[in-house]
A.B. asks: 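Sharing a structure, written as structure tokens. Questions coming.
As the structure lists them, so they are numbered: ligands from 1, and atoms in each ligand from 1. Computation of the quantities below employed the complete heavy-atom set of this structure, encompassing side-chain atoms and omitting hydrogens, waters and symmetry-equivalent molecules.
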Amino acid sequence: MHNTLCDVYGMDVPIFAFSHSPAVVLAVTKAGGFGVLGASGMAPEELDKALQMISKECAGKSFGIDLLIPEKYIGSEEGGLALEILQQQIPQGHRDFVEELLDQYHVPELPASQTQDVATLTARAGITISHKRGSHLVDIALSYPIKLIVNALGVPPAYIIERAHQQGVRVGALVGAVKHAVKQKEAGVDLIIAQGFEAGGHTGEIATMVVTPQVVDAVAPTPVVTAGGVASGRQMAAALALGAQGVWTGSVWLTTEEAETHPVVKEKFLQATSSDTLRSRASTGKPARQLRSAWTDAWENPANPQPLPMPLHGMLVTEARQRIEQDAEQGGEGGGQLINYFVGQSVGMFKEIRPAAEVLRMMSEECDAVLKQMGQLVSGQR
Ligand SMILES: Cc1cc2nc3c(=O)[nH]c(=O)nc-3n(C[C@H](O)[C@H](O)[C@H](O)COP(=O)(O)O)c2cc1C
């Protein structure tokens, strides 16, 4: 399976792999796919180190980065003052609720040595990026031979599109509805990622099967790739049948050998069925598909405080989630019940841990086989 999109983006198969793990991005890129590093939670030095490693190890191959820069950011900039103002907007009742929840599940405090790390993470304000920080990350990214910058939360700020295009780097954007796709095209975005409801992470409300062909028609001839629920070659072939030129995948890499997924979460994913995810505001304040756990149950309970808007919710829960992760890692029962992570409905398909290159190869070979089979249906050879 090799099409025009492969030629344009310099990959062997039209599979984009979104991952926060640099090792997954590297493995997929080396194997002929297109790795995209999720950089939103990274400090500038971390991004620099990861891109240095990827560009060195896979010279000449194509990869990109993904940022989460919202169109509207309710914090101003990342100065101490703005952060303090945001902190003041978090109601005490919410802070008490989180503390009580952790007490109920016997999740211990973090050691004093980690207080500073948590403060830094909290300052990154719950995974979204201010324009000042975004601009700095874009500068770093553009100092490496990346081929694509993607943004997920609305139209990328004009400075990203301009600076990327000046350097011959393409810009992509995730959309969950036709009107958003049209807005992105008008803003000058080169690649539209039509993402369905079944995807892991922040999602809209329309299914992949429904949103993809509509977006394809609305933005033609801008290329579209399908995201949401694609974890096999059969699903990839279906995406191509819907008019997409390729696929954009996220969840399937979380149970690969190279993924830095929390070990307890990896195991939970392997045990989960496709009914075990939900779209909830419990982790970031915006609806995001994730594994159901005692954490999401608590936030979904109407008797409890409701999640705050982004980025306040992320700031509220950063320390709690660190505590939960540590407790789970040390075998704590409470942490094990509360811990969860973003994942799509395809989680029910993940049964074993495999190297990322093998996952890519299997997906691509299965897609080839299905396309051949379907061709035979038409030519009457069956
Ligand atoms: C753990 C996880 C984290 C994600 N974080 C981001 C993100 O930071 N930026 C982004 O554009 N998309 C993010 N996504 C969405 C992916 O880019 C992708 O659209 C989605 O995973 C595709 O659907 P799938 O999960 O069914 O493969 C995330 C997805 C997952 C599973």
Side-chain angles (χ1 to χ4, degrees), residues 15-21 24-25 28 33-42 47 64-70 124 126-129 134 137 148-156 160 171-176 180 184 189 191-204 206-209 211-212 215 224-232 235-236 238-239 244 246-256 259-262 265-266 268-269 272 274 277 279 283-284 286-291 310-311 314 321 339-350 356 359-360 363:
I15 301 177
F16 290 88
F18 170 92
S19 176
H20 289 293
S21 306
V24 170
V25 173
V28 170
F34 192 113
V36 180
L37 183 66
S40 58
M42 287 187 173
L47 177 64
I65 71 153
D66 176 285
L67 297 168
L68 281 176
I69 306 182
R124 282 192 213 150
I127 83 165
T128 75
I129 301 181
L137 294 178
L148 180 69
I149 295 186
V150 174
N151 193 44
L153 297 176
V155 173
I160 296 192
V171 178
L174 272 83
V175 300
H180 299 145
Q184 298 283 2
V189 163
L191 179 73
I192 305 283
I193 300 139
Q195 193 210 44
F197 166 88
E198 48 276 69
H202 296 112
T203 60
I206 310 171
T208 298
M209 184 87 154
V211 78
T212 302
V215 168
V224 174
V225 293
T226 288
V230 180
S232 72
Q235 288 158 329
M236 181 175 166
V247 293
W248 174 276
T249 52
S251 294
V252 72
W253 310 107
L254 294 170
T255 48
T256 56
E260 291 163 16
T261 312
H262 190 290
V265 172
K266 239 185 202 180
K268 278 189 164 190
F269 284 172
S274 292
T277 73
R279 200 169 154 267
S283 298
T284 66
K286 262 185 181 285
R289 186 168 297 286
Q290 54 204 285
L291 195 72
M310 191 187 245
R321 292 180 70 90
I339 197 167
N340 84 331
Y341 196 46
F342 307 109
V343 76
Q345 292 182 338
S346 62
V347 70
M349 299 167 66
F350 312 154
V359 172
L360 187 90
M363 207 184 288

A.B. asks: Apply side chain to side chain contact (heavy atoms under 4.5 Å, CB included) to Ser19 and list each qualifying residue two or more places apart in sequence or on a separate chain.
C.D. replies: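 Testing Ser19 for side chain to side chain contact (heavy atoms under 4.5 Å, CB included), a comparison that skips the adjacent residues, returns Ser21, Val24, Val25.
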A.B. asks: Can a donor-acceptor pair be found, under 3.5 Å and without considering hydrogens, that links the side chain of Gln235 to the backbone of Ala231?
C.D. replies: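 A pair under 3.5 Å: yes.
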A.B. asks: At a non-hydrogen distance cut-off of under 4.0 Å, which region of Phe342 contacts ligand 1 (side chain, backbone, both, or neither)?
C.D. replies: both
A.B. asks: Nearest to atom 15 (C) of ligand 1 by heavy atom, Gly201, Ala194, Gly250, Gly200: which?
C.D. replies: Gly200
A.B. asks: For ligand 1, find out whether one of its N or O atoms is nearer than 3.5 Å to an N or O atom of Gln195.
C.D. replies: yes
A.B. asks: Heavy atoms only, cut-off 4.0 Å: how does Val36 contact ligand 1, side chain, backbone, both, or neither?
C.D. replies: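 Answer for Val36: neither.
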A.B. asks: Would you confirm whether Ser251, through its side chain, and Val343, through its main-chain N or O, come within 3.5 Å as a donor-acceptor pair?
C.D. replies: no
A.B. asks: Considering the heavy atoms of Gly229, write down every atom of ligand 1 situated less than 4.0 Å from one of them.
C.D. replies: 24 (P), 26 (O)
A.B. asks: So, Asn340 side chain and Leu291 main chain: donor-acceptor pair closer than 3.5 Å or not?
C.D. replies: yes
A.B. asks: Between Ser40 and ligand 1, which residue portion shows a heavy-atom distance shorter than 4.0 Å: side chain, backbone, both, or neither?
C.D. replies: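 Ser40 to ligand 1: side-chain contact only, backbone stays beyond 4.0 Å.
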A.B. asks: Could you tell me which atoms of ligand 1, counted from 1 in the order shown, lie closer than 4.0 angstrom to a heavy atom of Thr249?
C.D. replies: 27 (O)
A.B. asks: Just to be sure I read this right, does ligand 1 sit under 4.0 Å from the backbone of His202, its side chain, both, or neither, counting only heavy atoms?
C.D. replies: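 Contact part for His202 vs ligand 1: neither.
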A.B. asks: Can you name the residues that form a side chain to side chain contact (heavy atoms under 4.5 Å, CB included) with Ala17, not counting sequence neighbours?
C.D. replies: Val28, Thr249, Trp253
A.B. asks: Is Lys266 reaching over with its side chain to a backbone N or O of Glu260, donor-acceptor style, under 3.5 angstrom?
C.D. replies: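 Absent.
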A.B. asks: For His20 and ligand 1, answer yes if some heavy atom of the residue is under 4.0 Å from a ligand atom, otherwise no.
C.D. replies: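 Distance cut 4.0 Å: His20 passes for ligand 1.
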A.B. asks: Number the atoms of ligand 1 from 1 as they appear, then name those within less than 4.0 Å of a heavy atom of Leu68, with their elements.
C.D. replies: 8 (O), 9 (N)
A.B. asks: Please check if atom CE in Met349 has more than 12 non-hydrogen atoms from other residues, nucleotides or ligands closer than 6.0 Å.
C.D. replies: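 Count over threshold, so yes.
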A.B. asks: Please confirm whether the backbone N or O of Ala199 pairs with a side-chain atom of Thr203, one donor and one acceptor, at under 3.5 Å?
C.D. replies: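 Pair absent, no side-chain N/O of Thr203 close to backbone of Ala199.
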A.B. asks: Enumerate the atoms of ligand 1 whose separation from the nearest heavy atom of Gly228 is less than 4.0 angstrom.
C.D. replies: 22 (C), 23 (O), 26 (O)
A.B. asks: Do you know which of Leu174, Val224, Thr226, Val230 makes side chain to side chain contact (heavy atoms under 4.5 Å, CB included) with Trp248?
C.D. replies: Leu174
A.B. asks: If you measure from each heavy atom of Leu174 to ligand 1, is any distance below 4.0 Å?
C.D. replies: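 Contact present.
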A.B. asks: Does ligand 1 come near enough to Ala152 that some N or O of the ligand is less than 3.5 Å from an N or O of the residue?
C.D. replies: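 N/O-N/O distance under 3.5 Å: no.
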